[in-house]
Amino acid sequence: VYGLILTYIVFRFTTKDTTAMGINPNPIEKEFPDLDIKQKIKKVCEALSKKLRDINYETNWSSQDFISLDAEVEMQTRSGNQKQITDLIKALRKSKDRLFLVLGDPGSGKSVALRKLCEDLCDESLKTGKIPIYINLKEWKVDVKWNEDNLPTTEELYNFVKSKVKEFDISA
């Protein structure tokens with residue numbers, strides 16, 4: 001009996017998904033059986049990592065300079081919303097939410113923290129079958145300035161994100 005319990009405990013904790021994005025429940029290989037998906041994921045992540053390195057170089061930033069941000073994180077619990085101060089990246093990695101809003105003063109480190117998180121998530125991509133993307137909304141250029149009467153549409157946001165993702169041309 002003890003051997004069975006020990007086997008269960010070892011199996012349960014050694015096979016637990018410890019990735020931040022979670023393993024894709026629908027293996028990509030089933031959706032695209034004719035593609036070498038692992039190779040594609042690897043190429044996309046290499047292109048993304050290169051872009052992130054280029055941004056870091058342009059902004060004169062090095063990962064050696066990274067200091068994790070303490071953030072006030074609002075978490076939804078059964079008893080209501082609860083605020084706590086925690087490490088931003090750890091909070092993002094631990095959360096099961098699919099959507100985050102990171103607010104802060106200009107220069108407070110939001111973009112740097114999200115680039116660092118994206119780099120970390122790239123390292124997990126082959127295991128999870130998921131690819132993180134990094135898009136800075138500062139790059140969203142519009143023809144007509146937004147105001148209360150002219151807000152951006154969901155379609156415009158979708159097109160912007162789609163155009164940024166297409167920049168990762170891995171066909172070469």
Side-chain angles (χ1 to χ4, degrees), residues 19-28 30-32 35 37 40-61 63 66 68-77 81-84 86-172:
T19 61
M21 293 188 288
I23 294 175
N24 189 347
N26 304 315
I28 297 175
K30 286 184 181 177
E31 293 182 44
F32 304 101
L35 296 177
I37 295 301
K40 292 281 187 188
I41 289 173
K42 187 176 176 185
K43 282 186 170 188
V44 170
C45 285
E46 286 171 356
L48 177 58
S49 293
K50 181 187 179 317
K51 179 180 179 173
L52 294 172
R53 283 192 307 273
D54 291 347
I55 293 170
N56 291 341
Y57 179 78
E58 290 167 10
T59 58
N60 196 25
W61 187 84
S63 59
F66 183 73
S68 193
L69 295 177
D70 282 341
E72 182 178 311
V73 178
E74 186 172 318
M75 316 220 11
Q76 293 179 346
T77 63
N81 292 347
Q82 180 181 17
K83 292 183 180 181
Q84 64 183 34
T86 187
D87 175 280
L88 176 64
I89 290 183
K90 284 181 185 173
L92 293 173
R93 289 179 68 90
K94 194 182 341 180
S95 175
K96 299 298 180 206
D97 292 324
R98 294 182 55 175
L99 181 65
F100 303 98
L101 178 60
V102 180
L103 302 172
D105 292 331
S108 62
K110 301 175 301 293
S111 296
V112 168
L114 293 175
R115 285 196 312 264
K116 173 74 168 106
L117 177 64
C118 193
E119 283 181 57
D120 293 348
L121 295 177
C122 268
D123 294 340
E124 299 178 354
S125 286
L126 286 176
K127 182 176 180 182
T128 64
K130 296 179 180 179
I131 301 171
I133 59 173
Y134 173 81
I135 298 174
N136 193 325
L137 292 178
K138 284 194 274 186
E139 297 173 13
W140 191 357
K141 305 296 183 219
V142 294
D143 298 328
V144 180
K145 191 170 181 158
W146 297 324
N147 59 39
E148 279 187 44
D149 298 323
N150 180 37
L151 298 173
T153 66
T154 304
E155 184 179 350
E156 290 170 328
L157 175 61
Y158 174 81
N159 290 333
F160 168 71
V161 170
K162 188 175 172 182
S163 72
K164 297 310 287 181
V165 170
K166 281 184 177 181
E167 289 179 8
F168 296 105
D169 180 14
I170 59 165
S171 59

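Just so it is clear, the values below take in all heavy atoms, side chains as well, and ignore hydrogens, waters and symmetry mates.
The shortest distance between side-chain heavy atoms of Ile41 and Ser125 falls below 4.5 Å. Using a 4.5 Å heavy-atom cutoff, the side chains of Leu52 and Cys118 are in contact.
Taking CD of Glu139 as the reference point, atom OG of Ser163 lies at 9.5 Å (rounded to 0.5 Å). Distance check, rounded to the nearest 0.5 Å: CG of Leu48 to CD1 of Ile131 gives 9.0 Å. Here the CG-CD distance, from Leu114 to Glu119, works out to 12.0 Å after rounding to the nearest 0.5 Å. Rounding to the nearest 0.5 angstrom, the gap separating the NZ atom in Lys43 from the NZ atom in Lys40 is 6.0 Å. Note that the OG atom of Ser49 and the CG atom of Asp123 stand 7.0 Å from one another [nearest 0.5 Å].
The two residues Gly104 and Lys110 have their closest heavy-atom pair at O-NZ, 3.1 Å. The two residues Leu126 and Lys42 make their nearest non-hydrogen contact at CD2-N, 4.3 Å. Among all heavy-atom pairs drawn from Ile135 and Ile133, the shortest one is CD1-CD1, 3.8 Å.
Residue Asn147 qualifies as enclosed at atom CG: its count of foreign heavy atoms under 6.0 Å is above 12. When the shell of 6.0 Å around CD of Glu155 is examined, it contains 12 or fewer heavy atoms from other residues, nucleotides or ligands.
Evaluation of the side-chain contact (heavy atoms from CB on, under 4.5 Å) rule for Thr154 yields no partner, not counting sequence neighbours. Among residues two or more places apart in sequence or in another chain, the ring pair (Phe, Tyr, Trp, His ring centres under 6.0 Å) test is passed with Trp140 by Trp146, Phe160.
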